[in-house]
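Counting convention: from 1, in listed order, for ligands and their atoms alike.
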Amino acid sequence: MVSKFGFLLLFGCIGCVLLFFIFVERNLRQTPRTNLHFQTAYEMINRSSGDIRILIESSCNATFLIWIITSYAGDPSARSALRRAYMDQELQTLGIERVFLLGKLNDDAEKRTHVSQGALLDESRRFNDILQGDFLDTYRNLTYKHLMGLRWAMNNCKHVKYIMKMDDDIVVNIYGILKMLRSGIIEKDSLAGYIMKNLVPVREPANKWYVSKMEYADNIYPDFVSGWLYITNSQVANQLINYAESSHIYFWIDDVFVTGILRKGVNVKIQDIGKIYTTDYRYLECCIKGKINLLKCEFLIGPNGGDTELQVKFKEFAKFCHTNCSIRAENNLVGKTCVVAYKERYLHKGAFQINSIKIL
Ligand SMILES: *[C@@H]1O[C@H](CO)[C@@H](O)[C@H](O)[C@H]1NC(C)=O
Ligand SMILES: *[C@@H]1O[C@H](CO)[C@@H](O)[C@H](O)[C@H]1NC(C)=O
Ligand SMILES: *[C@@H]1O[C@H](CO)[C@@H](O)[C@H](O)[C@H]1NC(C)=O
Ligand SMILES: *[C@H]1O[C@H](CO)[C@@H](O)[C@H](O)[C@H]1NC(C)=O
């Protein structure tokens, strides 16, 4: 009898131990699965763009368009060129206000660039066109900068019709942009720009633009518009910002995140205005040469190719030709007649791997 009871006890114990192991094992297996589920695509962070403290603020008087420009705090040269190209007074008469979006520099960066916080405060007092957020001015914080600009524009520029976001190394013909906006071809409540389709994350760890699976798990980015320059309005900015804050997601490549991931999340349309972009600064130089023949240029936007003064030269051409030149004939477009030695260029910094759409 005793041995029979002992047997039962033994079996019971073995059963308990087995059950315990099964339970533990299932838990072990389940925990990571749940985590993976929550990390589907993007890094979860606990710092939303709404928490960003503004160190230097600016007022908004724009009535038609607020022009926000991401700029590296440590390099004022592009800001200076833009200020000389398009003077405040002229912008004001056009209903435009321009604001540069900066982060802050750490001691190392201040030493390297010889730009101190004091110098930035002076710059702001002098030009009243700086918005500086309380985050380090680095590549991986670009998304903070971008969202800070949209949030500020949305809260402070209540009466503007458009928000235009640009990078400071991009050359632009403002007169041409205004003409396009007034023509009404930009769809309401959309993001209009150069559409990037089917781009894939860079997965080589040595690359500066390396994106880990933790940061972004999918193998392809949603369609987005290049951060070079895009146009939208306050309603769209509002939706993007709210979604960024409620979803607690973050991805550091700013244009992919804001105009791709967030945009898709709130179901905003993107509109292709890629025809007015060139990816090669030398085409802008060809545009400028057309001035002697009184010819306009089909390109309104392009990179400065490392020469900040191209902004000033292109603006002079654009202003002169806006009233004095004629539109080029189809067979005389700069894209067809300008001869430059072939060199691959990229519209998007994080996209080195990809053969993006060829537009030239
Ligand atoms: C905006 O308006 C305020 C008050 O009218 C003025 O002090 C400020 O200089 C203006 N800023 C710009 C950039 O025009
Ligand atoms: C972004 O800014 C925050 C706040 O200044 C800083 O702590 C962080 O190191 C920055 N991130 C990167 C990747 O530079
Ligand atoms: C148009 O051309 C005339 C004559 O060359 C010149 O005086 C005028 O300044 C030009 N217009 C602009 C906006 O540059
Ligand atoms: C992040 O912080 C907020 C409070 O600001 C809190 O409600 C939330 O649970 C935190 N999320 C994570 C993932 O830690």
Side-chain angles (χ1 to χ4, degrees), residues 42-57 70-75 84-87 89-91 93-94 96 101-113 115-117 120-121 130-149 151-152 172-179 182 201-202 205-212 214-216 227 244-245 248-258 287-297 300 311-328 349-350:
Y42 333 106
E43 209 174 348
M44 303 292 288
I45 54 143
N46 208 7
R47 183 160 173 220
S48 78
S49 62
D51 303 336
I52 292 171
R53 212 157 56 92
I54 305 281
L55 298 174
I56 300 179
E57 173 125 43
T70 51
S71 180
Y72 177 54
D75 182 7
R84 277 177 285 122
Y86 296 97
M87 310 243 190
Q89 248 169 352
E90 183 179 9
L91 290 179
T93 63
L94 296 171
I96 299 174
L101 312 172
L102 315 182
K104 62 181 184 184
L105 300 174
N106 58 16
D107 292 346
D108 263 7
E110 284 197 1
K111 277 204 200 91
R112 200 178 55 245
T113 61
V115 175
S116 64
Q117 182 61 16
L120 292 173
L121 281 165
I130 285 180
L131 190 64
Q132 186 191 36
D134 190 10
F135 51 85
L136 284 184
D137 205 323
T138 60
Y139 278 107
R140 291 193 176 245
N141 273 344
L142 265 175
T143 290
Y144 286 129
K145 193 182 270 187
H146 193 148
L147 290 175
M148 169 181 81
R151 156 176 283 282
W152 175 84
V172 61
N173 171 353
I174 283 289
Y175 314 102
I177 297 279
L178 286 180
K179 191 173 171 210
R182 298 213 166 95
V202 175
N207 193 303
K208 178 181 173 187
W209 296 98
Y210 168 65
V211 170
S212 72
M214 279 291 279
E215 290 168 332
Y216 187 87
E245 276 159 25
H248 288 282
I249 55 176
Y250 184 90
F251 179 57
W252 61 275
I253 300 185
D254 67 306
D255 49 5
V256 172
F257 183 65
V258 176
C287 291
I288 294 170
K289 289 192 192 119
K291 183 178 165 186
I292 47 170
N293 296 322
L294 300 182
L295 289 172
K296 288 195 190 208
C297 179
L300 305 179
Q311 188 79 255
V312 180
K313 292 178 231 157
F314 192 69
K315 184 265 173 165
E316 275 162 16
F317 151 79
K319 175 143 203 188
F320 176 88
C321 267
H322 191 64
T323 46
N324 283 331
C325 303
S326 50
I327 292 172
R328 283 172 183 264
K349 24 190 200 276

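- The ligand atoms of ligand 2 that sit less than 4.0 angstrom from a heavy atom of R140 are 13 (C).
- For atom 9 (O) of ligand 3, the nearest protein heavy atom lies 4.0 Å or farther away.
- Residue K319 has no nitrogen or oxygen atom sitting less than 3.5 Å from a nitrogen or oxygen atom of ligand 3, judged on distance alone.
- E57 and Q132 form no side-chain donor-acceptor contact under 3.5 Å, judged by distance and modelled atom types alone.
- The atoms of ligand 2 that sit less than 4.0 Å from any heavy atom of T138 are 12 (C), 14 (O).
- Geometrically, ligand 2 and F135 share no nitrogen or oxygen pair separated by less than 3.5 Å.
- Within 6.0 Å of atom CD1 in I327, 12 or fewer heavy atoms from other residues, nucleotides or ligands are found, so the atom counts as exposed in its surroundings.
- The pair K315-E90 counts as a salt bridge, with a side-chain nitrogen and a carboxylate oxygen less than 4.0 angstrom apart.
- Using a 4.0 Å threshold on non-hydrogen atoms, atom 2 (O) of ligand 3 counts as touching the protein.
- Against a heavy-atom cut-off of under 4.0 Å, T323 is close to the following atoms of ligand 3: 11 (N), 12 (C), 13 (C).
- Of all heavy-atom pairs spanning A73 and G103, the tightest one is CB-O, 3.6 Å.
- Distances below 4.0 Å separate heavy atoms of L136 from the following atoms of ligand 2: 2 (O), 4 (C), 5 (O).
- Among all non-hydrogen protein atoms, the one lying nearest atom 11 (N) of ligand 3 is N324 ND2, 2.9 Å.
- With W252 as the fixed residue, the ring-ring contact (aromatic ring centres under 6.0 Å, His included) test singles out one of F257, W209, F135, Y216: W209.
- More than 12 heavy atoms of other residues, nucleotides or ligands shown are found within 6.0 angstrom of CG on N324.
- By the 3.5 Å distance cut-off applied to N or O atoms, K104 is not counted among the residues near ligand 2.
- Atom 5 (O) of ligand 3 has F320 CE1, 4.1 Å as its closest protein atom, hydrogens excluded (heavy atom only).
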